[in-house]
J.: 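Before I ask anything, let me first share the structure, which is written out below as structure tokens.
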Amino acid sequence: MSQPEPTPDQLVSRWLAEVERVAADLPADQRAELIADLREHISIARGDLTPETEAGVRTILERLGDPAMIAAEARGESPPTATATPGTPGTPGRRSRSRTGWIVAAVIAGVVLCLASCVVAGLSLFTMRTVSGDLTGVPTPGVIAPQPSPTPPPSPGPTSSPQPPADPSPDPSPEPSPDPSLAASGSPQP
Amino acid sequence: MRVMDRALGLATSLRRGTLEFCVLALLESRERYGVELVRELAVADALTTTEGTLYPLLSRLRRGGWVTTTWRESTAGPPRRYYTLTRDGRSALAHFRLEWVAFRDAVDQIVGTEAR
């Protein structure tokens, strides 16, 4: 089923309706004035077409431009003049490009934070597992025996610390090993 | 691509800063209606984006008191809105002329485009 070609009047009313739609956030009187001005422009320009054709009307509308751009101009998103402008309605809008950049940065920061908290959560779970059953810090006699002097003093460095399997994820803070008994109970207590 | 974007953005900013004063200058000698202004400005390609964006600009000039409008009946068709420069608009234009010449000369000197 083929659609009949829109009449020039239909083209005009559709275009004006689109301007009305994208300018919905403007104050009502300002929007009404803009539509009236555009309507007047179109009438006058059509009057100059002899004869009036659909192509001629399309050209008039194309030269008027994109309704969204006209609405943006009315909104004051692209500021006309920095100093000498009389009562510019809107604040100068930043180009949307930089706003997109901020959104991207925020998303990346959010992802990084999530990953970081997962790592921390994983680390604490892991640490808890190694001291399971010994959370009070009371040493189990059988375990503490091999601990004294011969073994290298528990140093803060993660590699030299007598801990079970080396933690693969880089831990920026030095391993606190204040309690030797914790370090010694490497395997889960039965 | 980014260089192109910045070049286009620059042209837009330059245009935005001066277009309304070009409109004021066109109205200095006599009143004009909307379509007339649009057509005269369209002659200078560098000045206009699309014709439709002129109407919000005219509206701003009117709200700011630099132009006034009157409706006149037309034999040729529907009544037309005629734009006239106000006294405030005239002094704004005079001020702009001073500012523009100073600005233009300064840029020409620094950028090396003075008229020889």
Side-chain angles (χ1 to χ4, degrees), chain A residues 15-16 18-19 22-23 26-27 29-50 52 59-90 92-98, chain B residues 2 5-6 8-9 12-24 33-39 42 48-67 69 71 74-83 86 88-89 91-93 95-96 98-100 103:
Chain A
W15 188 86
L16 286 172
E18 179 64 12
V19 175
V22 293
L26 290 179
D29 55 343
Q30 198 177 323
R31 182 172 63 250
E33 189 175 60
L34 176 62
I35 301 284
D37 283 343
L38 293 170
R39 197 188 297 275
E40 177 189 326
H41 174 106
I42 292 169
S43 305
I44 294 171
R46 280 173 82 177
D48 291 340
L49 294 176
T50 48
E52 179 179 292
T59 302
I60 291 171
L61 297 177
E62 272 167 27
R63 289 172 60 167
L64 280 173
D66 180 13
M69 274 194 57
I70 298 174
E73 178 73 28
R75 212 172 282 124
E77 274 170 9
S78 303
T81 312
T83 50
T85 309
T88 311
R94 287 273 153 225
R95 295 232 168 251
S96 59
R97 263 196 302 279
S98 58
Chain B
R2 199 163 284 264
D5 284 347
R6 290 182 67 171
L8 288 171
T12 303
S13 304
L14 290 174
R15 176 171 52 234
R16 300 233 170 275
T18 55
L19 191 56
E20 54 193 22
F21 297 102
C22 294
V23 169
L24 294 182
Y33 60 94
V35 175
E36 268 192 298
L37 280 170
V38 164
R39 285 173 178 166
T48 50
T49 50
T50 61
E51 295 180 355
T53 57
L54 190 78
Y55 290 101
L57 187 152
L58 288 171
S59 181
R60 255 202 305 278
L61 291 176
R62 188 172 53 246
R63 279 201 301 279
W66 287 0
V67 303
T69 64
W71 291 91
S74 165
T75 51
R80 300 169 177 193
R81 186 174 218 168
Y82 279 79
Y83 293 83
T86 63
D88 281 353
S91 33
L93 178 59
H95 181 75
F96 174 77
L98 296 173
E99 294 270 317
W100 171 253
F103 174 77

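Residue numbers begin at 1 in each chain, while the letters A, B, ... track the order of the sequences.
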J.: Could you name each residue pair satisfying salt bridge (charged side-chain N to carboxylate O under 4.0 Å, His left out) that touches residues 34-47 of chain A, not counting sequence neighbours?
T.: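 Non-adjacent pairs meeting salt bridge (charged side-chain N to carboxylate O under 4.0 Å, His left out): A:Asp9-A:Arg46, A:Asp37-B:Arg81, A:Arg46-A:Glu52.
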J.: Check each atom of B:Arg39 against the heavy atoms of chain A and say whether the ones under 4.5 Å are side chain, backbone, both or neither.
T.: side chain
J.: So how far is it from B:Thr50 OG1 to A:Leu61 CG, rounded to the nearest 0.5 Å?
T.: 11.5 Å
J.: To the closest 0.5 Å, what do you measure between CD (A:Glu73) and CG (B:Leu19)?
T.: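 Rounded to the nearest 0.5 Å, the CD-CG separation comes out at 8.0 Å.
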J.: Taking only residues at least two apart or on different chains, which pairs with a member in residues 60-70 of chain A satisfy salt bridge (charged side-chain N to carboxylate O under 4.0 Å, His left out)?
T.: A:Arg63-B:Glu51
J.: Side chain, backbone, both or neither: which part of B:Tyr33 has an atom under 4.5 Å from a heavy atom of chain A?
T.: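 B:Tyr33 touches chain A through side-chain heavy atoms alone.
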J.: Would you check if B:Tyr55 and A:Ile70 make a side-chain contact, meaning some heavy-atom pair closer than 4.5 Å?
T.: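 Sidechains of A:Ile70 and B:Tyr55: no contact.
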J.: Closest heavy-atom contact between A:Glu33 and B:Ser59?
T.: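 For A:Glu33 versus B:Ser59, the nearest heavy atoms are OE1-OG, 2.9 Å.
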J.: Under 4.5 Å from any heavy atom of chain B, what part of A:Leu34 do you find: side chain, backbone, both or neither?
T.: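 Just its side chain gets close to chain B.
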J.: For A:His41 versus B:Val35, what's the shortest heavy-atom pair and its separation?
T.: ND1-CG2, 3.6 Å
